[in-house]
Structure formats: structure tokens, C-alpha cells
Amino acid sequence: MTGLTPEETLRHIYYKASVNELAPELANAMVTLLEHDPSLDYAALRAAAMKRTMPEIVFHTSALRNRASIAARGLLASDPAEGHYGFTIPLGQPIGVYASAEPDERGVWAINEPIWGIWSITGAASLPHRQDPLNPEHFVIECDVPREMVRFCGTASLDPRHHGLDLPTTTRPVP
């Protein structure tokens, strides 16, 4: 959006938040940024508010059938467009290892797996990385992750008594 006054931009932010197109935290961050620099347009405010710094430890979700391979070779960068589940999603995402600041205990990235593994990556910020362009709350590590940096944390699953509802069990640490 260009050509809007700061007041019009502020109204637009409030409107987007009121119809649930902007999460409250994101809207608040955008308002704060606008107060500090009224010259920023809506797109610049949104991009700045969504900027994240990769934490020292991030988490990767994968099917349990990959556990032995991950233990032997670490996490291998892959192209999301090639698909790992029998379908292709050509969305222009970069090749890499995808990770999140929090463990995926809900199964967002488990892709139809009833039970999935969660791995931690320590020192990920030292590797080449960037925010995921489609899911900016997540990160793309733009290289293979050596097995020495990867630790299996445990599993998570959807409780079958809830018939596929998004009600996970807790992560069970592995000794």
C-alpha cells in the first residue's frame, strides 16, 4: 500500500487486526514501528514486524521413519517442491532444512503422520539461514546440518481418541 498518510496506515492496521487478518502481536508491533517512523508504508511495517532472529536452539519435525538416517547423516537440505509425501508443492521456497523456535507438538509440519519425531538443532544460528519466505515465524537453514548438532528430543502424536482433532499428547523426552 502506497500513498497513505500515517493516520490512514494506522487505520488500515487496526482494520486488518479487527477482521483477524493480523495477529494482535503483529498489529501491535506494526503500530510501534509506525510511531517510531511514520514514513514507513504498510508493507515495510509488516516486513519489519515479522523479522525474527534465529535462536541458538531450533527444532525440526520429521517422520519417525527418518530417525536412523538423521542419526547417521544429520539433517539434509531438501527442496520442498520435490515433496516427501507423494505430492509436489512448487511454491518457490528455498532448499534447506526447515526449523522452528518451538517444538512442533501440534503436528503442523508432520504432514499426515499420526506420530512424528522432534529433533533439536543446537548452534543453528551459526549456519547460513534465513526466515522462511512463506512462513516467516520459521527458519530455513540453507545447508545440511551435521549430525553432531542434532539431537532426537522425542515424539509427539495426535491422540486417536480425539478423531484427528488438533489435541496432541506431550513430547516424551528420550533418555
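Here the shortest heavy-atom pairing between Leu33 and Ala49 reads CD1-N, 3.6 Å. Closest heavy-atom contact between Ser157 and Pro114: CB-O, 3.2 Å. Annotation for Phe59 and Pro103: closest pair CD1-N, 3.6 Å, computed over non-hydrogen atoms. Summarising the geometry of Pro128 relative to Cys143, their closest heavy-atom pair is CD-SG, 3.7 Å, with the distance given to 0.1 Å. A pairwise comparison of heavy atoms in Ile141 and Ala99 identifies CD1-CB, 4.4 Å as the closest pair. Closest non-hydrogen pair, Gly107 versus Asp104, comes out as N-OD1, 2.9 Å.
Summarising the geometry, atom CG belonging to Asp41 is positioned 10.5 Å from atom NE2 belonging to His12; distances are rounded to the nearest 0.5 Å. Interatomic distance, Gln131 CD to Thr53 OG1, rounded to the nearest 0.5 Å: 8.0 Å. Within the model, atoms CD1 of Ile57 and CD1 of Ile121 stand 10.5 Å from one another, a figure rounded to the nearest 0.5 Å. Between the CH2 atom of Trp116 and the CZ atom of Arg67 there is a distance of 16.0 Å, given to the nearest 0.5 Å. The distance from the CD1 atom of Ile118 to the CD atom of Glu102 is 11.0 Å, given to the nearest 0.5 Å. Here CZ of Arg11 is found 6.0 Å from OG1 of Thr5. Values are rounded to the nearest 0.5 Å.
Considering only heavy atoms from C-beta on, Leu22 comes within 4.5 Å of Arg46 through its side chain. The shortest side-chain heavy-atom distance between Val97 and Asp144 does not fall under the 4.5 Å cut-off.
There is a path of hydrophobic side-chain contacts, each under 4.5 Å, that joins Val150 to Met54. Cluster membership for Met149 and Val140, using ILVMFWY side-chain heavy atoms within less than 4.5 angstrom, is not shared. There is a path of hydrophobic side-chain contacts, each under 4.5 Å, that joins Ile115 to Trp119. A continuous path of Ile, Leu, Val, Met, Phe, Trp and Tyr side chains, each step under 4.5 Å between heavy atoms, connects Leu34 with Tyr14, placing both in one hydrophobic cluster. The hydrophobic cluster containing Leu10 also contains Met50, counting ILVMFWY residues as joined when their side-chain heavy atoms lie under 4.5 angstrom apart, directly or transitively.
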Derivation of the side chain to side chain contact (heavy atoms under 4.5 Å, CB included) call for Leu4 and Tyr42: CA-CA 9 Å; Leu4 297 181; Tyr42 181 87; 5.6 Å; no

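A donor-acceptor pair is defined here as one N or O able to donate and one able to accept, closer than 3.5 Å; no such pair exists between the side chain of Glu113 and the backbone of Ala110. The main-chain N or O of Ala156 is never found under 3.5 Å from a side-chain atom of Glu105 such that the two would form a donor-acceptor pair. Panel note: side chain Asp132, backbone Phe139; no donor-acceptor pair is recorded below 3.5 Å. No donor-acceptor pair under 3.5 Å is formed between the side chain of Arg151 and the backbone N or O of Glu148. In this structure a side-chain-to-backbone donor-acceptor pair under 3.5 Å is present from His60 to Tyr98. Judged by distance alone, the side chain of Glu56 and the main-chain N or O of Gly123 form a donor-acceptor pair under 3.5 Å.
Scored by the ring-ring contact (aromatic ring centres under 6.0 Å, His included) test, His138 finds Trp109 as partners (sequence neighbours excluded).
In this structure, Arg147 places its CZ atom where only 12 or fewer heavy-atom neighbours from other residues, nucleotides or ligands lie under 6.0 Å away. Other residues, nucleotides and ligands place more than 12 heavy atoms under 6.0 Å from the CD atom of Glu137.
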